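In each ligand, atom 1 is the first atom listed, and ligand 1 is the first ligand listed. Note that the structure is predicted; figures quoted are calculated from it, not measured. Values below: all heavy atoms of this structure, side chains included; hydrogens, waters and symmetry mates excluded.
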Amino acid sequence: MLKVVVLVSGGGTNLQAIIDGVAAGTIKNVEIAGVISNNYGVKSLERAEKASIPAFCISPKDFDTREEFNNALLDRIDSLSADLVVLAGFLVRIPEAMVKKYSNRIINIHPSLIPSFCGVGYYGLKVHEKALERGVKVTGATVHFVNEGMDEGPIIAQKAVEVLEGDTPEVLQRRVMEQAEWILLPKAIDDFANGRLTVSDGKVLHKN
Ligand code: GAR
């Protein structure tokens with residue numbers, strides 16, 4: 001069983017898709033060992049508790065320095081014996097020490113087709129606001145391994161989603177979640193857990 005620790009910041013619909021996938025057996029050989037939020041009182045923590053998954057809040061506000069917060073986060077992940085760390089709407093920069101320690105074992109879901117609309121300042125609803133501002137006709141989502149760069153790690157999978165006339169950021173966000181994120185992220189976890197992903201030369205290779 002692969003032990004997965006899911007990091008979240010808010011609503012947790014991607015977390016829910018993972019919980020549901022494990023329960024339904026579409027994500028095989030995975031145990032969700034814990035959920036960690038950087039924010040108190042978010043729906044993600046409720047979702048974890050409802051599924052009887054150990055849930056923790058580690059907030060930067062509870063620490064004097066960023067380094068102390070980073071250390072506490074890494075300690076908690078280590079103590080849960082994580083084999084894979086999943087960033088499911090975790091809107092905090094991942095400490096370098098964690099990227100090094102969990103090299104090719106951290107995956108992130110991003111709500112655009114990387115390299116468009118990603119990097120510093122592009123997170124959550126903002127990504128969709130920028131896509132609509134630019135007038136793109138197609139957007140989507142990307143699952144990728146996390147490296148030292150911001151949204152720059154090896155791409156695991158992408159799915160395109162149409163932008164429709166009259167879309168608001170909220171409407172587009174929901175369509176991208178439904179048609180791309182909630183499908184891509186559980187599949188990537190299942191592929192990782194069952195030995196179908198390898199990283200070579202900064203690129204991801206898929207085995208069937
Ligand atoms: C999702 O759209 C996810 O792709 C995005 O935050 C949202 C979280 O929703 N992540 C990023 O923007 C990371 N750069 P959720 O809490 O309902 O899963």
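- S59 places no side-chain N or O within 3.5 Å of a backbone atom of N39 that could act as its donor or acceptor partner.
- Although no hydrogens or angles enter the test, the distance criterion places no donor-acceptor pair under 3.5 Å between the side chain of E162 and the main chain of K137.
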Q: Show the numbers, then the answer: is there a side chain to side chain donor-acceptor pair (under 3.5 Å) between N71 and D75?
A: CA-CA 6 Å; N71 290 340; D75 285 350; over 6 Å; no
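- Ion pair R196/D190 flagged as a salt bridge, since at least one NZ, NE, NH1 or NH2 atom sits closer than 4.0 Å to an Asp/Glu carboxylate oxygen.
- The immediate protein surroundings of ligand 1, defined as residues with any heavy atom under 4.0 Å of it, consist of G11, G12, T13, N14, G89, L91, I109, H110, P111, Y122, Y123, G124, M177, E181.
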Q: Begin from the C-alpha positions of D83 and Y102 and carry the test side chain to side chain donor-acceptor pair (under 3.5 Å) through to its verdict.
A: CA-CA 8 Å; D83 298 309; Y102 287 85; over 6 Å; no
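- Within the hydrophobic cluster formed by Ile, Leu, Val, Met, Phe, Trp and Tyr side chains joined at under 4.5 Å, directly or through other members, Y123 is accompanied by L91.
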